[in-house]
Amino acid sequence: MPSIVSITGTYVTTYDYWFNSYQQESTGAGSGIIIGKDDQYLYLATNYHVVQNAKSLSVTFVDDKSADAVVKGYVENNDIAVVTVKLSDISDDTLNEIKEIQVGSSDDLAVGDPCVAIGNALGYGQSVTTGIISALDRSITVNNVTFSGLIMTDAAINSGNSGGALLNASGKVIAINFAKTSSDGVEGMAYSIPVSN
């Protein structure tokens with residue numbers, strides 16, 4: 001849990017109405033994973049759709065302290081983004097509480113392996129759910145973009161979990177949670193992007 005953050009954003013959406021356009025602001029929540037740091041920045045991995053069109057971003061750490069963040073880069077078609085936080089904006093106490101995630105391998109997973117999902121479910125802060133690896137190498141289409149090679153799990157994934165970690169039994173990240181099937185009558189079909197892709 002010290003390696004997972006909550007990401008809160010203010011987003012701007014532009015609507016076109018006949019010959020006029022207007023913008024509307026909204027807030028949203030997602031999750032991120034601490035993947036590294038250098039002399040100036042803390043680096044976080046998340047989903048691109050968590051930070052897309054963000055006017056501003058705030059990151060909340062495991063100790064409930066927050067800091068401003070900016071998008072460093074992204075690959076839209078892979079739904080992956082990197083976000084940075086200035087180390088100077090993080091207190092020493094918080095730096096002592098957080099840590100970089102340990103990265104596992106998604107190449108040697110088997111159906112039935114246990115897994116744990118950690119993220120900012122519904123924007124309420126960190127939560128933990130458990131499940132198993134339900135299937136490997138699955139494909140889904142989201143907003144006319146097809147994602148392949150995904151891990152499917154029955155661990156509960158909800159809005160706000162996007163960008164959070166799917167961990168193996170050793171606590172190492174094996175995938176980034178990003179979508180679920182939410183049709184009526186469907187349960188336990190969540191999808192994660194493998195770290196080895």
Side-chain angles (χ1 to χ4, degrees), residues 1-9 27-51 54 56-74 79-106 108-109 113-133 151 153 155-178 180 190-197:
M1 290 181 76
S3 304
I4 310 301
V5 302
S6 301
I7 300 176
T8 304
T27 58
S31 306
I33 306 167
I34 300 172
I35 56 171
K37 69 176 181 176
D38 59 21
D39 293 340
Q40 296 182 32
Y41 298 102
L42 190 71
Y43 294 89
L44 314 170
T46 188
N47 291 134
Y48 173 65
H49 76 260
V50 170
V51 298
S56 63
L57 293 171
S58 175
V59 168
T60 303
F61 299 100
V62 67
D63 62 354
D64 289 328
K65 300 290 174 38
S66 299
D68 291 336
V70 297
V71 178
K72 182 73 172 176
Y74 58 87
D79 201 20
I80 295 292
V82 173
V83 174
T84 58
V85 180
K86 290 182 181 177
L87 291 181
S88 58
D89 291 341
I90 306 172
S91 71
D92 290 340
D93 288 343
T94 297
L95 286 171
N96 289 331
E97 291 286 327
I98 62 176
K99 65 179 183 179
E100 295 174 30
I101 197 82
Q102 291 186 334
V103 179
S105 172
S106 56
D108 53 3
L109 294 175
D113 283 350
C115 59
V116 175
I118 304 179
N120 181 24
L122 303 180
Y124 293 143
Q126 282 193 11
S127 62
V128 179
T129 58
T130 63
I132 61 168
I133 302 300
I151 296 169
T153 178
I157 304 293
N158 292 291
S159 177
N161 275 108
S162 291
L166 189 70
L167 308 165
N168 62 19
S170 301
K172 295 180 179 179
V173 63
I174 53 173
I176 298 175
N177 301 319
F178 97 110
K180 71 172 185 173
Y191 300 89
S192 303
I193 302 167
V195 295
S196 300
N197 275 5

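In what follows, residues are counted from 1 in the order of the sequence shown. Keep in mind that what you see is a predicted model, and the values were worked out from it rather than measured.
F61 has its side chain out of reach of E97: every pair of non-hydrogen atoms, C-beta onward, lies at least 4.5 Å apart. At least one side-chain heavy atom of I174 sits less than 4.5 Å from a side-chain heavy atom of L109. You'll find the side chain of N120 stays beyond 4.5 Å of the side chain of I7, heavy atoms only. By the 4.5 Å heavy-atom criterion applied to side chains, V51 and L57 are counted as neighbours. Counting heavy atoms from C-beta on, the side chains of L167 and K172 never come closer than 4.5 Å. L44 is not listed as a side-chain neighbour of T84, based on a closest heavy-atom distance of 4.5 Å or more. Side-chain contact check for N158 versus K180: some heavy-atom pair is nearer than 4.5 Å. At least one side-chain heavy atom of Q126 sits less than 4.5 Å from a side-chain heavy atom of V62.
Among residues two or more places apart in sequence or in another chain, the ring-ring contact (aromatic ring centres under 6.0 Å, His included) test is passed with Y43 by none.
Rounding to the nearest 0.5 angstrom, the gap separating the OG atom in S106 from the CD1 atom in I151 is 5.0 Å. Rounding to the nearest 0.5 Å gives a distance of 6.0 Å between CD1 of I118 and CE of M1. Atom CG in N47 sits 4.5 Å away from atom CG in D79 (nearest 0.5 Å). Put simply, NZ on K37 and CD1 on I90 are 8.5 Å apart, with the number rounded to the nearest 0.5 Å. Annotation: the span from I193 atom CD1 to N177 atom CG amounts to 9.0 Å, rounded to 0.5 Å. Atoms OG and NZ, on S91 and K65 in that order, are 5.5 Å from each other to the nearest 0.5 Å.
T46 and S162 make their closest contact through OG1-O, 4.3 Å (heavy atoms, listed as atom of the first residue, atom of the second, distance). Heavy atoms only, all atoms of each residue included: G123 and A29 are closest at CA-CB, 3.7 Å. Of all heavy-atom pairs between Y74 and A81, the closest is CB-CB, 3.8 Å. The shortest heavy-atom contact between V85 and A67 is CG1-CB, 3.7 Å. Between T129 and A155, the shortest heavy-atom contact is OG1-CB, 4.0 Å. Here the closest heavy-atom approach between residue I157 and residue N161 is recorded as CG2-CB, 3.7 Å.
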Legend entry - Working for side chain to side chain contact (heavy atoms under 4.5 Å, CB included), residues L87 and L95: CA-CA 8 Å; L87 291 181; L95 286 171; 4.1 Å; yes
Inset, instruction - Might you work through the side chain to side chain contact (heavy atoms under 4.5 Å, CB included) test for V116 and V128, ending with a clear yes or no? - result: CA-CA 7 Å; V116 175; V128 179; 3.4 Å; yes
Inset, instruction - Give the intermediate values and the outcome of side chain to side chain contact (heavy atoms under 4.5 Å, CB included) for residues V70 and V83. - result: CA-CA 6 Å; V70 297; V83 174; 6.0 Å; no
Legend entry - side chain to side chain contact (heavy atoms under 4.5 Å, CB included) evaluation trace for I34 with V5: CA-CA 7 Å; I34 300 172; V5 302; 4.0 Å; yes
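Around CG of N96, the count of heavy atoms belonging to other residues, nucleotides or ligands within 6.0 Å exceeds 12.
At a cut-off of 3.5 Å, with distance as the only test, a side-chain donor of T60 or S66 sits close to an acceptor on the other residue. Donor-acceptor pairing under 3.5 Å is lacking for the side chains of S58 and D68.
Remark: side-chain polar atoms of T153 are not paired, donor with acceptor, to backbone N or O of C115 under 3.5 angstrom.
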